[in-house]
**Student:** 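Got a structure here, written out as structure tokens. Questions coming.
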Protein chains: 2
Amino acid sequence: MSYFANKMSPAEFDAKIHWFVGRCREAGLRVTPQRLAIYKELLGTDEHPSAEMLYEKLKPAWPTLSLDTVNRTVLTLTEIGAAFIVEGSGGARRFDAGLEHHQHFKCVKCERIIDFHHEPFDNIELPPDVAGKFTVLRKTVYLEGICDLCKQGMKVVQRS
Amino acid sequence: MSYFANKMSPAEFDAKIHWFVGRCREAGLRVTPQRLAIYKELLGTDEHPSAEMLYEKLKPAWPTLSLDTVNRTVLTLTEIGAAFIVEGSGGARRFDAGLEHHQHFKCVKCERIIDFHHEPFDNIELPPDVAGKFTVLRKTVYLEGICDLCKQGMKVVQRS
DNA sequence: CTCCTATATAGTAGCTACTCCTATCTGTCA
DNA sequence: TGACAGATAGGAGTAGCTACTATATAGGAG
Ligand SMILES: [Mn+2]
Ligand SMILES: [Mn+2]
Ligand SMILES: [Zn+2]
Ligand SMILES: [Zn+2]
């Protein structure tokens with residue numbers, strides 16, 4: 001059985017921020033206000049935003065923030081294991097700071113990326129010849145199709 | 001048990017070309033020399049080329065071919081179900097005319113996309129709540145990591 | 001606390017991978 | 001063998017990064 005992901009508690013959120021600060025120190029990275037703000041924004045959403053989407057959300061509170069900083073920062077986040085690039089095909093890269101086991105469904109119409117969790121997908125077993133030949137760093141089960149809102153013909157904010 | 005994909009016979013190749021011509025007619029599309037050449041090139045390779053890669057391969061034989069035509073054509077191929085965009089994260093879109101059940105391993109260093117086939121991955125069962133809420137058009141098991149050549153530290157042609 | 005410096009940021013320019021536009025051409029059918 | 005809707009070539013335009021450089025600042029030394 002699977003379930004759709006839900007919000008985290010303020011305590012969980014704070015714990016993750018604390019972990020992130022430690023992870024930065026560990027990696028020899030400065031905890032700049034921009035870096036923290038970008039991480040918080042990514043952590044607090046389940047929309048799997050692109051760099052541009054994060055930039056637009058942060059701009060009101062951070063008027064001098066540059067898009068390049070957002071791009072550099074999300075790349076840094078993936079490098080220290082605080083986030084990852086969501087699998088998909090085409091368009092802008094989408095990011096995710098949710099490190100718990102879960103999977104993604106992407107709507108090909110509205111480009112929404114929706115979290116779900118199905119335990120059998122968490123640790124799919126690799127075929128022996130692949131495991132023997134390659135170093136597998138990431139195993140993903142990924143679904144694409146039409147989401148509930150687009151099926152109903154409802155008007156959804158189109159992306160791109 | 002899984003196995004790595006291998007070449008098709010000339011007879012199989014011809015059969016697929018024949019199918020493609022019929023599929024074009026069926027869809028009300030003209031069978032132009034460019035369209036056929038692009039499909040043949042994509043069908044004859046297991047490299048999962050980008051539009052640019054196809055363009056470079058075809059240029060010697062088709063000096064007046066434009067990159068835009070390649071881009072439009074691979075899009076058309078996906079629309080009529082003669083090809084699909086390979087899943088992945090970031091970079092140029094990569095295409096595949098191989099419609100048989102198989103899966104992909106992508107090397108994060110050299111960007112090679114390698115076919116393999118593991119039967120348990122062919123028809124993974126959807127969680128009921130996802131199947132009920134969304135129309136799932138594509139189910140993908142996707143692996144990423146370091147390929148055999150890159151592990152050996154061999155020099156491989158870097159992409160991008 | 002204050003200063004120092006390596007690292008990070010802002011602003012901008014450049015690049016890659018498409019996507020759109022328009023004049024010209026051609027596969028298909030009558 | 002035309003006629004013409006659909007396709008292509010070439011070029012311009014756009015989105016999404018990526019590189020460059022002067023300025024600013026986090027965080028450690030003193
Ligand atoms: Mn997610
Ligand atoms: Mn393939
Ligand atoms: Zn949708
Ligand atoms: Zn490799």
**Student:** Would you give the length of the straight line joining atom CE of B:Met53 to atom CG of B:Leu58, rounded to the nearest 0.5 angstrom?
**Tutor:**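 One finds 12.0 Å between CE of B:Met53 and CG of B:Leu58.
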**Student:** Just compare C:dT19, C:dG27, C:dT7 and give me whichever is closest to any side-chain atom of B:Pro33.
**Tutor:**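 Nucleotide nearest to B:Pro33's side chain: C:dG27.
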**Student:** Any non-hydrogen side-chain atom of A:Ile124 less than 4.5 Å from a side-chain atom of B:Ile124?
**Tutor:**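 No. Closest side-chain heavy atoms not under 4.5 Å.
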**Student:** What is the distance, to the nearest angstrom, from the CE atom on B:Met53 to the P atom on C:dC18?
**Tutor:**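 Rounded to whole Å, this separation is 12 Å.
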**Student:** Which of the following nucleotides, D:dT18, C:dT7, C:dT28, is nearest to the side chain of B:Arg25?
**Tutor:**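 From the listed options, C:dT28 comes nearest.
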**Student:** Round to the nearest Å and state the distance from B:Gln34 atom CD to D:dG6 atom C1'.
**Tutor:**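 Nearest whole value for this atom pair: 12 Å.
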**Student:** Given atom CZ of B:Arg94 and atom C1' of C:dC18, what is their separation to the nearest angstrom?
**Tutor:**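 It works out to 16 Å between those atoms.
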**Student:** Could you name each residue pair satisfying ring-ring contact (aromatic ring centres under 6.0 Å, His included) that touches residues 48-84 of chain A, not counting sequence neighbours?
**Tutor:**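 Output for this query lists A:His48-A:His104.
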**Student:** Does anything in residues 72-88 of chain B come within less than 4.0 Å of DNA chain C? Heavy atoms only, and list the residues if so.
**Tutor:**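 None - not one residue of the stretch has a heavy atom sitting under 4.0 Å from the strand.
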**Student:** Test for a donor-acceptor pair under 3.5 Å between the base of C:dT28 and the side chain of B:Arg30, counting only N and O atoms.
**Tutor:**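 Donor-acceptor pair under 3.5 Å: no.
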**Student:** What is the distance, to the nearest angstrom, from the OH atom on A:Tyr55 to the P atom on C:dT12?
**Tutor:**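 It works out to 11 Å between those atoms.
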**Student:** Which nucleotide wins on minimum distance to the side chain of A:Ala92, given the candidates D:dC17, D:dA7, C:dA6?
**Tutor:**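 That would be D:dC17.
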**Student:** Does A:Leu29 or A:Ala51 map to a spot on DNA chain D nearer the 5' end, using the closest nucleotide for each?
**Tutor:**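 Residue closer to the 5' terminus by nearest nucleotide: A:Ala51.
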**Student:** Taking OP1 and OP2 of C:dT7, is either one under 4.0 Å from a side-chain nitrogen or oxygen of A:Thr32?
**Tutor:**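 No, because none of the side-chain N or O atoms of A:Thr32 sits under 4.0 Å from OP1 or OP2 of C:dT7.
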**Student:** Can you sort out which residues in residues 57-70 of chain A have a heavy atom within less than 4.0 Å of DNA chain C? Ascending by number, please.
**Tutor:**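 Listed by number, they are A:Thr64, A:Leu65, A:Ser66, A:Asp68, A:Thr69.
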**Student:** A side-chain contact here means heavy atoms from C-beta on lying under 4.5 Å apart; do B:Gln152 and B:Cys147 qualify?
**Tutor:**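 They are not in contact (no side-chain heavy atoms under 4.5 Å apart), so the answer is no.
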**Student:** Between B:Gly98 and B:His102, which heavy-atom pair has the shortest distance, and what is it?
**Tutor:**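 Minimum heavy-atom contact is O-CE1, 3.2 Å.
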**Student:** Report the distance from atom OG1 of A:Thr135 to atom CG of B:Leu143, rounding to the nearest 0.5 Å.
**Tutor:**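 Answer rounded to 0.5 Å: 12.0 Å.
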**Student:** When you check the phosphate oxygens OP1 and OP2 of C:dT16, does a side-chain N or O of B:Arg93 lie under 4.0 Å from one of them?
**Tutor:**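 No, because none of the side-chain N or O atoms of B:Arg93 sits under 4.0 Å from OP1 or OP2 of C:dT16.
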**Student:** Would you check if the distance from the ring center of A:Phe20 to the ring center of A:Tyr39 is below 6.0 Å?
**Tutor:**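 They qualify: ring centres under 6.0 Å apart.
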**Student:** Please step through side-chain hydrogen bond (donor to acceptor under 3.5 Å, both in side chains) for the pair B:Asp129 and A:His118, ending with a clear verdict.
**Tutor:** CA-CA 10 Å; B:Asp129 54 356; A:His118 185 52; over 6 Å; no
**Student:** Could you identify the nucleotide paired to D:dA22, looking across every strand shown and requiring Watson-Crick or G-U wobble geometry with both distances under 3.5 Å?
**Tutor:**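 Its partner is C:dT9.
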**Student:** Can you confirm whether B:Glu144 sits close enough to A:Lys139 that some side-chain heavy atom of one is under 4.5 Å from a side-chain heavy atom of the other?
**Tutor:**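 Contact flag for B:Glu144/A:Lys139 side chains = no.
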**Student:** What is the distance, to the nearest angstrom, from the CZ atom on A:Phe95 to the C1' atom on D:dG16?
**Tutor:**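 In whole Å, D:dG16 C1' lies 11 Å from A:Phe95 CZ.
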**Student:** Taking only the side-chain nitrogens and oxygens of B:Arg35, find out if one of them lies under 4.0 Å from OP1 or OP2 of D:dA7.
**Tutor:**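 Result: yes.
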**Student:** How close or far is atom P of D:dA7 from atom CG of B:Leu36, stated in whole angstroms?
**Tutor:**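 Result: 14 Å.
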**Student:** Grab the CG-C1' distance between A:Asn71 and C:dT12 for me, whole Å please.
**Tutor:**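 The answer, rounded to whole Å, is 14 Å.
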**Student:** Grab the CD-C1' distance between B:Glu56 and C:dT16 for me, whole Å please.
**Tutor:**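 Result: 13 Å.
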**Student:** Is A:Lys106 salt-bridged to B:Glu87, going by a charged N under 4.0 Å from an acidic O?
**Tutor:**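 Salt bridge flag = no for B:Glu87 with A:Lys106.
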